[in-house]
Amino acid sequence: MVLHLLTAAAAWRGGAVAGNTVLHGLPMLLLTFVQAALGFAHVRELHVPLGVLMFGASVMTLMRVRTQPRPRPRPEAQAQAQAQNEGATA
């Protein structure tokens, strides 16, 4: 989940996904800590269903990210990309 959150933040900063993708990763990170605590406490009645719920939520998040339209690039990112393209062709 930490890797998921870092990847979502990097994709958001790059303009590839919307900012709410990062916000959806925060509750999943918290649920990961809760699930780990339940596993260490040997509370399987809650640990296993929470893991299944988290797996389903991660698949839903992946599908939402894959199907949503890409946001417009930020003006400064667009200007930087144009400057790099001009430098590459010169």
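The first residue in the sequence is number 1, and the count goes up from there. A quick note: this is a predicted structure, and the numbers were derived from the prediction, not measured.
In terms of hydrophobic clustering, with Ile, Leu, Val, Met, Phe, Trp and Tyr side chains grouped at heavy-atom distances under 4.5 Å, Leu53 and Val48 are assigned to different clusters. Residues Leu30 and Leu26 fall into different hydrophobic clusters, defined by Ile, Leu, Val, Met, Phe, Trp and Tyr side chains chained together at heavy-atom separations under 4.5 Å. When the side chains of ILVMFWY residues are joined at heavy-atom separations under 4.5 Å, either directly or via intervening members, Met60 and Leu31 end up in two distinct hydrophobic clusters. Hydrophobic clustering, with ILVMFWY side chains joined whenever heavy atoms are under 4.5 angstrom apart, groups Leu6 together with Met54. Each of Val52 and Met28 belongs to its own hydrophobic cluster when Ile, Leu, Val, Met, Phe, Trp and Tyr are linked at side-chain heavy-atom distances under 4.5 angstrom.
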Cut-off 3.5 Å, no hydrogens considered: what does the side-chain donor-acceptor table look like for residues 35-46, sequence neighbours left out?
unit_1	atom_1	unit_2	atom_2	d
Gln35	NE2	His47	O	3.4

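Here Leu29 pairs with Met1, Val2, Leu5, Phe33 under the side chain to side chain contact (heavy atoms under 4.5 Å, CB included) rule; sequence neighbours left out.
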